[in-house]
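To keep things clear, I will list the structure first and then write my remarks on it.
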Amino acid sequence: MTGTAAAEPTVTTFTSNVDRIDTTAVVLTETYFYAEGGGQPADRGTLGGVEVVDVQHRNGDIVHELAEPPAFDPGETVEGQIDTAFRTYCMRAHTASHVLYGAGRRLLSDLGYGGFDISATVPDNADDDFGPAITGKVRVDFETTTEIDDETLTELERLTNRAVWESYDVTWEEIPRDEALGRDDIAFNTKTEEGIEGETVRVVTIDGWDVAACGGTHVGNTREIGPVTVLGRSNPGEGLTRVEFVVGPRAIRRRATEHERAMTAAQSLDTNVAELPAAVDGLQSECDDLRETVSSLRERLVDSRLADLRDDAIEVDGQRWLVGTVAGLDANALADRAESAVGDDVDVAALVDADGQYLGVGTTGGVDAGEVVDQVTTEFGGGGGGRPTVAQGGGLGADGDEIVAFLRDESVTADSGD
């Protein structure tokens, strides 16, 4: 049997003879349904009025999987109806991936084609002003030594939409395999090498923009793609950068949403969208200054608290212990401050978060800081560790004052110095 979807992608209604049927699997003598492959999903539609739920290549055949056993028999002629909206979406999305790769040719170094995929669904009753609200996204994997940062990603989107606007013709042809492999200008899927196993290779050309080996369905001119909106990037594997984008209605909705959010943010900052970056920079600078001020004030509060604790230090077996609660510090910060507090007239500093979650212990060496933490976690739960002169604990299940009372018990502190 033959499949002609890629060669004549605008044909969405056709008749064909039924070659054979296996329950719900139907093979025709000729079909315009696109079978899943190369990153493009299978067409949707009906055969003889029965819903087609999947189309696959199997053992040289194109197999149409129906939602239920059909009423027609082998040898009969049936009408195929392809979901026009879904086919059109796939044509636009697939061609857009070629345009995006063409943009990559102009921006990225050591470029290779690492993969492509269209994910798409049509929710029930999801029409909007632009037709069926097909959801999903398209991705292209670039093999490149260029780091695709935010600036590069924005430029990829700009060049892609410029190519759409320039209305480049899109054509396809079969050429001998050896000729195709010998041409440096043709992009191949280096991951699957799909489409180059036969004697000929189908080559899709966007006039003056991109050339690629591809068996998918495409529009006849880039202007048919419509707007393209890049969603973001990720790293699916070493040497690869995945760029995801949307086309058509979702691209329009995405841009409208982003513009609405930008205007809302600008209004909140009493500026306009054009001046929003400068306003955000100013706000960030103010936040940085405030953070520094808060940090400085917190340090002064901690210093003041430690000074108060020095006045209330206890002495056990010749060791002077500074014990108490300090608010606003985590286990690491408590351990750092406890370590810096020892020396001169303090041999051990045991500081507890006011809420009783964390503990930091520093010593001059006469007492093992780790043993102090072990005694506290044995009594109140949690865990911790560190060096003999500095240790920390966390996950303690008691009030800070209760832990301090435990540490100030001379029998406990004396045991820690053994």
Side-chain angles (χ1 to χ4, degrees), residues 1-95 97 116-122 124 131-132 134 136 138 170-175 177 189 192-204 212-220 224:
M1 67 166 295
T2 59
T4 55
E8 301 181 66
T10 59
V11 175
T12 55
T13 301
F14 66 95
T15 58
S16 182
N17 292 327
V18 179
D19 184 57
R20 58 188 183 276
I21 301 173
D22 183 3
T23 313
T24 57
V26 178
V27 177
L28 306 175
T29 56
E30 183 181 41
T31 184
Y32 285 84
F33 274 89
Y34 183 83
E36 181 182 12
Q40 180 172 328
D43 273 329
R44 297 144 191 251
T46 60
L47 270 184
V50 183
E51 181 185 3
V52 176
V53 296
D54 195 16
V55 188
Q56 295 289 331
H57 290 281
R58 293 179 192 164
N59 301 320
D61 291 322
I62 296 178
V63 180
H64 309 74
E65 187 67 37
L66 306 186
E68 59 187 50
F72 53 79
D73 296 313
E76 292 187 30
T77 299
V78 294
E79 180 178 88
Q81 179 64 58
I82 296 167
D83 185 324
T84 303
F86 190 79
R87 164 67 71 81
T88 301
Y89 169 79
C90 289
M91 291 165 61
R92 290 170 173 168
H94 205 150
T95 312
S97 74
F116 154 80
D117 183 71
I118 298 173
S119 64
T121 58
V122 185
D124 294 336
I134 297 173
V138 191
V170 183
T171 58
W172 42 87
E173 63 177 335
E174 297 280 344
I175 67 174
R177 179 179 184 275
N189 188 332
T192 66
E193 296 188 346
E194 185 172 353
I196 64 173
E197 65 276 359
E199 295 182 359
T200 62
V201 173
R202 184 170 183 269
V203 175
V204 176
C214 182
T217 60
H218 300 85
V219 297
E224 300 175 50

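Below, each value reflects all heavy atoms present in this structure, side chains not excepted, and no hydrogens, waters or symmetry copies. Computed from a predicted model, the values in this text were never measured in an experiment.
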* Close side-chain approach of Leu47 and Leu28, heavy atoms under 4.5 Å -> yes

* Mind listing the closest non-hydrogen atom pair of Glu51 and Thr46 along with its distance? => CA-CG2, 4.1 Å

* Asked: Less than 4.5 Å apart, any side-chain heavy atom of Val204 and any of Val170?
  -> yes

* Structure fact -> Asp43 and Val55 have their tightest heavy-atom pair at O-CG2, 3.9 Å

* Asked: Would you say the side-chain atoms of Thr95 pair up with the backbone N or O of His218, donor to acceptor, closer than 3.5 Å?
  -> no

* Asked: Would you say the side chain of Ile118 lies within less than 4.5 Å of the side chain of Tyr89, judging by non-hydrogen atoms?
  -> yes

* Between Gln40 and His94, what is the shortest heavy-atom contact and its length? -> OE1-ND1, 2.6 Å

* Smallest separation among heavy atoms of Glu8 and Arg87, with atom names -> O-NH1, 4.3 Å

* Structure fact -> Here the gap from Glu30 atom CD to Thr15 atom OG1, rounded to the nearest 0.5 Å, amounts to 9.0 Å

* **Aromatic ring pairing Phe33/His64, orientation class (parallel under 30°, perpendicular over 60°, tilted between)** => perpendicular

* Between Glu199 and Arg177, is any pair of side-chain heavy atoms under 4.5 Å apart? -> no

* Asked: Is there a donor-acceptor pair closer than 3.5 Å between any side-chain N or O of Arg92 and the backbone N or O of Val219?
  -> no

* Asked: Is a donor on one side and an acceptor on the other found under 3.5 Å between the side chain of Arg44 and the backbone of Ala85?
  -> no

* Side-chain heavy-atom pair Pro41, Phe86 within 4.5 angstrom cut-off -> yes

* List for me each residue that meets side chain to side chain contact (heavy atoms under 4.5 Å, CB included) alongside Thr10, sequence neighbours excluded, and say none if there are none. => Met91

* Compare every heavy atom of Val203 with every heavy atom of Ile175, then report the nearest pair and how far apart it is. => CD1-CG2, 3.6 Å

* Listed partners of Asn17 passing side-chain hydrogen bond (donor to acceptor under 3.5 Å, both in side chains), at least two apart -> Thr77

* **Atom pair CD (Gln56) and CD1 (Ile62), whose distance is rounded to the nearest 0.5 Å** => 10.5 Å

* Are Asp22 and Arg20 side-chain neighbours, meaning at least one heavy-atom pair lies under 4.5 Å? -> no

* To do: Taking the side chain as every heavy atom from C-beta outward, state whether Val138 and Phe116 have any atom pair closer than 4.5 Å.
  => yes

* Sequence neighbours left out, what passes side-chain hydrogen bond (donor to acceptor under 3.5 Å, both in side chains) with Glu173? Give chain and number order. => none

* Measuring from Ile82:CD1 to Thr31:OG1, what's the distance to the nearest 0.5 Å? -> 6.5 Å

* **Contact summary for Ile21 and Phe72, nearest pair of heavy atoms** => CD1-O, 3.4 Å

